[in-house]
Peer 1: 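Okay, here's the structure, questions in a sec.
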Protein chains: 2
Amino acid sequence: MVNTTKSRASRATLTDVAAKAGTSASTVSRVLHGGAGVTDELTARVRLAASELGYSVNRQARSLRRGKDTAIGVAIEDFTIPFFGRVVAEVERAAHARGYGVVITCAGSGRSEEEAVEPLLSRSVAGLVVATGTAGAPQGYLAEVATELPVVQVDAPAASPFSDAVGIDNETAGRRVTEHLLARGHRRILFVGSGPAATTVQLRRQGYEAAMREAGLEPRTTWMGYLPSETTERAVAELGELTSSGADGGGITAVVSGVARVTMGLASAIARLGLRDLAYVAIDDLAGADAFSPPLTVLEQDVETIGARAAELLFARIDGWDGPPSHELVPLRLIERGSGELPPRVLSTTTT
Amino acid sequence: MVNTTKSRASRATLTDVAAKAGTSASTVSRVLHGGAGVTDELTARVRLAASELGYSVNRQARSLRRGKDTAIGVAIEDFTIPFFGRVVAEVERAAHARGYGVVITCAGSGRSEEEAVEPLLSRSVAGLVVATGTAGAPQGYLAEVATELPVVQVDAPAASPFSDAVGIDNETAGRRVTEHLLARGHRRILFVGSGPAATTVQLRRQGYEAAMREAGLEPRTTWMGYLPSETTERAVAELGELTSSGADGGGITAVVSGVARVTMGLASAIARLGLRDLAYVAIDDLAGADAFSPPLTVLEQDVETIGARAAELLFARIDGWDGPPSHELVPLRLIERGSGELPPRVLSTTTT
DNA sequence: CGGTTCGTTGACAACGTTTGCAGGATGTCG
DNA sequence: CGACATCCTGCAAACGTTGTCAACGAACCG
């Protein structure tokens with residue numbers, strides 16, 4: 001009763017609840033968290049007092065005492081990319097279900113790994129989900145962090161000796177889309193990536209190249225910009241030439257987009273250039289892919305499963321599981337919508 | 001030196017630094033945070049010791065002591081929606097620049113406002129960015145929170161008496177896209193929204209209706225699903241009928257998409273139905289809008305500015321600014337890409 | 001040369017929670 | 001009826017930081 005006036009100003013504390021229930025803070029803590037070993041009658045009294053005061057735990061104090069926060073950290077390369085947003089959504093859902101908070105940080109755009117992750121570590125997060133796969137290889141610092149803290153990498157370019165990872169088999173992805181086009185008779189297929197720095201894209205390209213070489217064909221790769229507009233401009237400038245008969249005896253008849261980032265711009269360029277007979281397959285699904293004409297054939301990765309598995313692995317580690325580092329691969333699904341099933345364009349100089 | 005072995009196991013503490021520098025924790029705190037009133041020589045010694053030990057502050061302890069965390073909370077309706085991802089990116093950038101962390105929570109999908117925000121409040125965040133505008137009106141709980149804590153609402157349906165808000169003028173948005181179509185001769189224009197519950201969409205519809213009535217025309221509204229696939233199915237079923245001559249003497253010749261959520265599905269349906277002469281304008285820009293055929297005319301809101309201003313307002317409040325609640329409106333920009341500039345379709349029963 | 005003032009530093013308490021430990025009460029068995 | 005075990009509860013310390021307060025030394029002025 002003595003605290004009633006005060007507790008209006010700020011949040012009610014354990015001591016407030018204890019006073020109201022006529023007991024001690026320790027017991028209140030036990031009732032609300034520990035659970036066991038308290039009389040039913042007292043438990044009820046404490047519960048009542050707590051709910052009347054609208055008590056909820058002060059997590060700073062708890063974390064300070066325990067040395068670990070009931071929160072996980074999520075480091076994302078770029079929040080504006082839909083892939084990462086979907087990962088965040090899944091991870092947040094899992095965390096919330098377990099009473100964990102989610103602290104985020106952006107790991108892209110020139111920040112060092114250390115600079116990006118420090119705000120998370122200084123909060124003693126219980127674990128880390130790191131999704132910077134398209135940015136580059138994991139650096140030394142993250143390995144160091146992983147020795148003290150569970151870390152799960154999403155969309156990691158390769159298995160890590162120091163942390164769990166969830167993602168797709170990027171090389172297989174590159175291979176599958178290429179084989180899809182090869183099976184439909186395409187021979188001159190162009191691979192488009194966002195830039196040589198992104199290791200996941202490099203792996204996808206390796207799959208593409210392997211498939212091409214096995215078919216006795218010459219791979220051809222080009223890089224386009226980070227932003228859709230950059231990609232579009234570049235693609236408009238390049239695609240016109242590339243699709244017409246080239247020096248090597250014929251223009252390309254099909255394009256593989258190696259990463260979502262360039263898919264949009266490429267599609268714009270193809271539409272703008274009126275290349276209606278150019279086959280087009282993209283790795284990563286895209287909202288609105290079936291609004292294109294023709295609707296876009298994509299190799300979809302199950303982002304929700306990736307996010308969910310990442311969270312599951314992380315919480316297993318937090319709960320003390322101590323198996324060897326695992327690298328989970330999530331199945332891919334090719335969605336045939338039309339653009340990837342176009343036959344090779346008949347060359348302008350030949351039959352009918 | 002005595003702490004060296006220990007500090008390898010966990011993070012170095014103020015006391016560790018103090019011991020190494022041969023001074024007290026208070027002084028180290030002053031050097032590293034307070035700044036003033038310490039000898040240059042001692043300051044240097046402390047700095048050296050801190051960097052050698054790789055010290056970084058334990059924010060739980062600081063927050064516990066200060067009563068406020070150097071972190072802000074961000075409540076988002078749905079992380080998979082690009083709009084919110086972009087807001088998060090901007091807010092995170094601003095927070096990081098000021099040394100603040102960002103704790104996120106999802107406020108959608110059946111969670112009560114209280115349930116969503118509690119994990120943030122129990123961390124004593126210094127302020128809140130709430131972006132749930134498309135979900136519904138702010139409820140009482142948030143108003144209560146806002147009395148104790150700076151709150152900025154993003155994409156808020158209306159000005160709030162209890163918190164700052166940043167967004168667009170939704171009614172004007174609805175009006176502008178409608179007038180754009182009216183100016184091109186359209187008379188039978190359909191407004192499509194995601195559902196009557198979203199108040200921002202309701203406001204946009206009011207703008208649409210006002211413009212229509214002022215032109216002496218009858219507004220027509222329909223609601224479509226949350227997911228693109230739902231919208232597509234519904235739209236395919238409805239649009240065919242609506243665009244052919246109807247009971248009122250003619251089918252619709254133009255469509256307004258009231259919110260990004262349905263734009264994609266609508267575009268898919270239009271493409272699938274082959275309605276090439278149906279004019280189409282959407283509120284909210286969309287990645288890939290210019291890959292559609294014809295490229296999609298949109299009324300774009302400057303999401304980056306919205307996010308940045310939200311952060312600025314919030315930090316101004318955190319710094320103690322105490323002006324009246326403001327409701328900032330961010331300018332809109334109509335991007336004519338083609339789909340909105342199509343002339344009214346000639347009715348199948350008439351001339352030529 | 002003594003007194004006062006200022007500048008610099010360290011000791012200490014407190015933030016709210018958790019948890020080991022001890023103490024008290026109750027019940028049971030010898 | 002006494003002793004011992006069991007169960008429940010409260011006390012107190014600790015987590016790392018910050019900020020108040022006092023103390024110490026030096027410098028300056030009278």
Peer 1: Does any N or O in the side chain of A:Thr27 come within less than 3.5 Å of the main-chain N or O of A:Thr23, such that one atom is a donor and the other an acceptor?
Peer 2: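 Judged by distance alone, no pair lies under 3.5 Å.
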Peer 1: Have a look at A:Thr23 and say if it touches a base, only the backbone sugar-phosphate, or nothing, with a 4.0 Å heavy-atom cut-off.
Peer 2: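 Contact class for A:Thr23: sugar-phosphate only.
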Peer 1: In whole angstroms, how far is the C1' atom of C:dC15 from the CZ atom of B:Arg123?
Peer 2: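 The answer, rounded to whole Å, is 17 Å.
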Peer 1: Just checking, is any N or O donor in the side chain of B:Arg86 or A:Thr80 under 3.5 Å from an acceptor N or O on the other one?
Peer 2: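 No donor-acceptor contact under 3.5 Å links the two side chains.
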Peer 1: Check whether any side-chain N or O of A:Thr27 sits under 4.0 Å from OP1 or OP2 of D:dG10, and answer yes or no.
Peer 2: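 Checking A:Thr27 against D:dG10: at least one side-chain N or O falls below 4.0 Å of OP1 or OP2.
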Peer 1: Which nucleotide wins on minimum distance to the side chain of B:Thr15, given the candidates C:dT18, D:dT17, D:dG10?
Peer 2: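 Output: D:dT17.
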Peer 1: In this structure, is the centre-to-centre distance between the rings of A:Phe315 and A:Tyr100 below 6.0 Å?
Peer 2: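 Distance test on ring centres: under 6.0 Å, yes.
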Peer 1: Rounded off to whole Å, could you give me the CG-to-P distance for the B:Leu42 and C:dG7 pair?
Peer 2: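 Rounded to the whole Å, the gap is 17 Å.
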Peer 1: Can you tell me the distance, in whole Å, between the CZ atom of A:Arg62 and the P atom of D:dG16?
Peer 2: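 Roughly 18 Å, once rounded to whole Å.
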Peer 1: Please give, in whole Å, the distance from C:dT19 P to A:Arg30 CZ?
Peer 2: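 Spelled out: CZ on A:Arg30 to P on C:dT19 is 10 Å.
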Peer 1: Heavy atoms from C-beta onward define the side chain here; which of D:dT9, C:dG16, D:dG16 lies closest to that of B:Asn58?
Peer 2: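 Out of D:dT9, C:dG16, D:dG16, the nucleotide with an atom closest to B:Asn58's side chain is D:dG16.
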Peer 1: Measure from the side-chain heavy atoms of A:Arg65 and tell me the nearest of D:dT17, C:dT8, C:dT19.
Peer 2: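 It is C:dT19.
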Peer 1: Choose from C:dT18, C:dT8, C:dG16 the nucleotide whose nearest atom is closest to any side-chain atom of A:Val57.
Peer 2: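 Nearest nucleotide to the side chain: C:dT18.
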Peer 1: Of the nucleotides C:dT9, D:dG16, C:dG10, which has the atom closest to the B:Thr39 side chain?
Peer 2: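 Out of C:dT9, D:dG16, C:dG10, the nucleotide with an atom closest to B:Thr39's side chain is C:dT9.
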Peer 1: Can you tell which of D:dT9, C:dG10, D:dA12 lies closest to the side chain of A:Ser26?
Peer 2: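 Within the option list, the nearest is D:dA12.
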Peer 1: Whole angstrom is fine here: how far is it from NE2 in B:His33 over to C1' in D:dT17?
Peer 2: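 Interatomic distance, NE2 of B:His33 to C1' of D:dT17: 10 Å.
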Peer 1: Which heavy atom of B:Leu314 sits nearest to which heavy atom of B:Val151, and what is that distance?
Peer 2: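 It is CD1-N, 4.4 Å.
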Peer 1: If you check the B:Arg66 side chain, which of D:dG19, C:dT17, D:dC11 turns out closest?
Peer 2: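 My answer, after comparing the listed nucleotides, is D:dG19.
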Peer 1: Considering just the side-chain nitrogens and oxygens of B:Thr13, establish if one lies under 4.0 Å of OP1 or OP2 belonging to D:dT17.
Peer 2: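 Answer is yes, contact under 4.0 Å.
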Peer 1: Between B:Glu41 and A:Ser29, which residue's closest nucleotide on DNA chain C lies nearer the 5′ terminus?
Peer 2: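 Checking each residue's closest nucleotide, the 5'-ward one belongs to B:Glu41.
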Peer 1: Any idea which of C:dT8, D:dT17, C:dT18 is nearest the B:Tyr55 side chain?
Peer 2: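 Of the options given, the side chain of B:Tyr55 lies nearest D:dT17.
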Peer 1: What is the distance, to the nearest angstrom, from the CZ atom on A:Arg11 to the C1' atom on C:dC15?
Peer 2: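 Rounded to the whole Å, the gap is 14 Å.
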Peer 1: Write down the distance between NZ (B:Lys68) and C1' (D:dG19), rounded to a whole number of angstrom.
Peer 2: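 After rounding, the gap between these two atoms is 18 Å.
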Peer 1: Give the minimum heavy-atom separation between B:Gly307 and B:Val91, together with the two atoms involved.
Peer 2: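 What the structure gives for the nearest pair is O-CG2, 3.8 Å.
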Peer 1: Write down the distance between CG (A:Leu14) and P (C:dA14), rounded to a whole number of angstrom.
Peer 2: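 Result: 18 Å.
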